[in-house]
Amino acid sequence: MKLKCLLAAAMLFGATSATFAQSEDSEGKNYVAVPHYSSDEKYGFGGKKNDIKIDFNCGWFVSEVVDRDGDSNRGMFGCGFSLMYEHVFKNGCGFGLNGIFEQGEGSDITTGVIAPSFVYYVSKNTWTYGCSIGIGYGRFNLDSYRYGYDDANGLGTFVQGNIEKRITKNFGIGAGIRLVNITASKPDNNSYYDSHSYGTSSLRFTIGPRFYF
């Protein structure tokens, strides 16, 4: 009986020693580490969570603008600029603060929107793709003999899609397309708008630098 116990103990000791020997041998070997990429790299702006956009925009007012003769005009060309700050979280969702300014036919019509927004961005390699939806304060001004003179405040909304190329970790360039809508109270002295909405809608293409941090 004692002999069996001694044999069992010897076998257990031998197995334990072999296990430790394998463990030490494994630790002594050099292994190539498997690359690990943070999940932050696929969201936001290539791992950065903040972005400042300075954009030049050009395009058309797709809403009709009625002149003094009562004629409807669409497709008025215009330019402008915008300034936007955006922040995203790890899931790619986030928020923005936006200022948008637009003009048409020189300065016959000017519009502006100041609004917070919901944003979503995702990155792949050096490219970033995203969209934003904003709602806030809108204002437009008519200032010409042809279109009359009016200054109105109302609800400003916009929808925008973006694509951005990151040149460095902190700098890039982007372009997009944006639809801006401003709705205001109807004027009392214009019977045309009794059955039509009063405001502006514009379709603009945007391009400008991006600053990531």
Is there side-chain contact between [X] and [Y], with at least one heavy-atom pair below 4.5 Å?
{"X": "Ile182", "Y": "Val113", "value": "yes"}
{"X": "Leu83", "Y": "Ile52", "value": "yes"}
{"X": "Val180", "Y": "Thr111", "value": "no"}
{"X": "Arg210", "Y": "Asn162", "value": "yes"}

message: So that I know where these two stand, are Phe211 and Phe171 an aromatic pair - ring centroids less than 6.0 Å apart?
response: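 Yes, the ring centres sit under 6.0 Å apart.
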message: Just checking Leu179: does its CG atom have more than 12 heavy atoms from other residues, nucleotides or ligands closer to it than 6.0 angstrom?
response: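 Above 12, so yes.
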Roughly how far, to the nearest 0.5 Å, is the [atom2] atom of [Y] from the [atom1] atom of [X]?
{"X": "Arg178", "Y": "Asn98", "atom1": "CZ", "atom2": "CG", "answer": "8.5 Å"}
{"X": "Thr157", "Y": "Asn181", "atom1": "OG1", "atom2": "CG", "answer": "4.5 Å"}
{"X": "Asn141", "Y": "Asn153", "atom1": "CG", "atom2": "CG", "answer": "10.0 Å"}
{"X": "Thr110", "Y": "Asp151", "atom1": "OG1", "atom2": "CG", "answer": "7.5 Å"}
{"X": "Ile167", "Y": "Ile173", "atom1": "CD1", "atom2": "CD1", "answer": "6.0 Å"}
{"X": "Thr206", "Y": "Lys53", "atom1": "OG1", "atom2": "NZ", "answer": "9.0 Å"}

Set of side-chain hydrogen bond (donor to acceptor under 3.5 Å, both in side chains) partners for Lys169, sequence neighbours left out: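 None.
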query: Which of these, Glu105, Met76, Arg74, sits in a side chain to side chain contact (heavy atoms under 4.5 Å, CB included) with Val65?
result: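 Answer after filtering Glu105, Met76, Arg74: Met76.
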Treating [X] as the side-chain partner and [Y] as the backbone partner, does any N or O pair qualify as donor plus acceptor under 3.5 Å?
{"X": "Ser63", "Y": "Ser201", "value": "yes"}
{"X": "Asp55", "Y": "Gly208", "value": "yes"}
{"X": "Asn91", "Y": "Cys93", "value": "yes"}
{"X": "Ser123", "Y": "Gly46", "value": "yes"}
{"X": "Asp51", "Y": "Glu86", "value": "no"}
{"X": "Asn50", "Y": "Phe213", "value": "yes"}
{"X": "Asp108", "Y": "Leu142", "value": "no"}

- prompt: Which of parallel (below 30°), tilted (30 to 60°) and perpendicular (above 60°) describes Phe95 and Tyr85?
  reply: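 The arrangement is perpendicular - the two ring planes meet at more than 60°.
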task: Please work out whether the ring planes of Phe205 and Trp60 are parallel, tilted or perpendicular, with thresholds of 30° and 60°.
output: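 Rings of Phe205 and Trp60: perpendicular, over 60°.
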query: For Arg166, which of Thr128, Asn125, Thr126 qualifies under side chain to side chain donor-acceptor pair (under 3.5 Å)?
result: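 Running side chain to side chain donor-acceptor pair (under 3.5 Å) over Thr128, Asn125, Thr126 with Arg166 returns exactly one hit, Thr128.
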query: Can you name the nearest heavy-atom pair linking Ser202 to Phe61, along with the distance?
result: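 Looking at all heavy atoms of both residues, the shortest contact is CB-CD2, 3.9 Å.
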field: Nearest heavy atoms of Phe77 and Gly59, plus distance in Å
entry: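 Nearest heavy atoms, Phe77 then Gly59: CD1-O, 3.2 Å.
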message: Checking one residue: Phe56. Which other hydrophobic residues are in its cluster under the side-chain 4.5 Å linking rule?
response: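 Taking Ile, Leu, Val, Met, Phe, Trp and Tyr as members, Phe56 stands alone, with no cluster partners.
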task: Answer with yes or no whether the hydrophobic clustering places Phe89 together with Val119; edges join I, L, V, M, F, W, Y residues whose side-chain heavy atoms lie under 4.5 Å apart.
output: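 Cluster IDs for Phe89 and Val119 differ.
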field: Pairs touching residues 124-155 that satisfy ring-ring contact (aromatic ring centres under 6.0 Å, His included), sequence neighbours left out
entry: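 Every pair satisfying ring-ring contact (aromatic ring centres under 6.0 Å, His included) with a residue in residues 124-155: Phe140-Tyr198.
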message: One pair to check against side-chain contact (heavy atoms from CB on, under 4.5 Å): Met84 and Ile100. What are the steps and the verdict?
response: CA-CA 8 Å; Met84 300 180 172; Ile100 302 170; 4.0 Å; yes
